[in-house]
Amino acid sequence: YPDTYVGEITGNAPVTDEGGDDDFSGNIVSSYEELVDALSTLEYEAITLDAPITLEADVDLGTNYLYIEDGGSIVVPNGITLSVFCGSGLDVNPGGKLIVESGGVLNNEFSIHVFGGALTVKSGGIYVHNGSLYAWNEPGTSVSGVPKSQQTYGSMVFSDSEFRSAAKVT
């Protein structure tokens, strides 16, 4: 894994309540309207998308973190911008898809993780790279239409032996 970054894992936590007061169970959205409503009413929350949607207007994640899960997808069509600014983030998890069509814009000003899902910027689509794009070395991870120089590769390491293997430590 010559291009593998082994380090702290951030932004890939499952959407669960680990003993805190927050209840993320109500933040699952299945339509464009539900996503817009969640983004306009929530702050510093996790939102899970579990169905395919096409953006109808520009969308800014605000201070929220969006997880595109299995069966979920976002299409950013011509003339529309999806923005990930500081304080927010986006994960494309196994089975999830983020597709930027020709004329669509993905404005990454902070952090996007492709962790077993697919990010596709089609010909004529625009990816604005002013943040971090992590392409995790996990089955199903696919990033196309974004130059390799704008991607950071990561690997999840769970045990000492796996760490040593990935880091080539003997």
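All heavy atoms count here, side chains included; hydrogens, waters and symmetry mates do not. Just so you know, these numbers come straight off a predicted model, no measurement behind them.
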>> Using modelled atom types and a 3.5 Å cut-off, is there a donor and acceptor pairing between side-chain atoms of Thr63 and backbone atoms of Tyr44?
In response: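 Yes, because the side chain of Thr63 sits within donor-acceptor range (under 3.5 Å) of the backbone of Tyr44.
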Would you say the side chain of [Y] lies within less than 4.5 Å of the side chain of [X], judging by non-hydrogen atoms?
X	Y	answer
Thr48	Asn27	no
Phe115	Pro94	yes
Gln151	Val146	yes
Ser144	Thr120	yes
Leu90	Leu82	yes
Pro77	Leu55	yes
Leu39	Ile47	yes

For the atom pair [atom1] ([X]) and [atom2] ([Y]), what is the distance rounded to the nearest 0.5 Å?
X	Y	atom1	atom2	value
Phe110	Ser132	CZ	OG	8.0 Å
Asn130	Glu109	CG	CD	4.5 Å
Ile53	Glu33	CD1	CD	9.0 Å
His113	Ile68	NE2	CD1	13.0 Å
Lys97	Asp70	NZ	CG	9.5 Å

>> If the condition is side chain to side chain contact (heavy atoms under 4.5 Å, CB included), which residues does Asp37 pass it with, not counting sequence neighbours?
In response: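 Partners of Asp37 by the side chain to side chain contact (heavy atoms under 4.5 Å, CB included) criterion, ordered by chain and then number, come out as Ser40, Thr41.
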> Residues two or more places apart in sequence or in another chain: which of them pass side chain to side chain contact (heavy atoms under 4.5 Å, CB included) with Val75?
Replying inline: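 In terms of side chain to side chain contact (heavy atoms under 4.5 Å, CB included), with neighbours along the sequence ignored, Val75 is linked to Thr54, Ile99, Glu101.
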State plainly whether one hydrophobic cluster holds both [X] and [Y], where clusters connect Ile, Leu, Val, Met, Phe, Trp and Tyr through side-chain heavy atoms under 4.5 angstrom apart.
X	Y	value
Ile112	Phe85	no
Ile80	Tyr32	yes
Leu98	Val105	no

> Should the pair Trp136 and Tyr134 be assigned to parallel (<30°), tilted (30 to 60°) or perpendicular (>60°) ring geometry?
Replying inline: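 The arrangement is parallel - the two ring planes meet at less than 30°.
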Taking all non-hydrogen atoms of both residues into account, name the closest pair between [X] and [Y] and its distance.
X	Y	value
Ser123	Ser102	O-CB, 3.2 Å
Leu133	His129	N-CE1, 4.2 Å
Ala51	Ser30	CB-O, 3.4 Å
Ala38	Val29	CB-CG1, 4.1 Å

> Who pairs with Asn108 by side-chain hydrogen bond (donor to acceptor under 3.5 Å, both in side chains), at least two apart in sequence or on another chain?
Replying inline: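 Once residues adjacent in sequence are excluded, the partners of Asn108 under the side-chain hydrogen bond (donor to acceptor under 3.5 Å, both in side chains) criterion are Tyr127.
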>> According to side-chain hydrogen bond (donor to acceptor under 3.5 Å, both in side chains), who are the partners of Glu34, at least two apart in sequence or on a separate chain?
In response: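 Partners of Glu34 by the side-chain hydrogen bond (donor to acceptor under 3.5 Å, both in side chains) criterion come out as none, since no residue qualifies.
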> Run the side chain to side chain contact (heavy atoms under 4.5 Å, CB included) check on Leu106 and Leu119 step by step: do they pass?
Replying inline: CA-CA 10 Å; Leu106 176 57; Leu119 166 60; 3.8 Å; yes
> Tell me, which pairs form a salt bridge (charged side-chain N to carboxylate O under 4.0 Å, His left out) where one or both residues lie in residues 75-85, sequence neighbours left out?
Replying inline: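 As it turns out, there is no salt bridge (charged side-chain N to carboxylate O under 4.0 Å, His left out) pair with a partner in residues 75-85 once direct neighbours are skipped.
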> Can you list every salt bridge (charged side-chain N to carboxylate O under 4.0 Å, His left out) pair that touches residues 47-60, not counting sequence neighbours?
Replying inline: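 Pairs touching residues 47-60 that pass the test: none.
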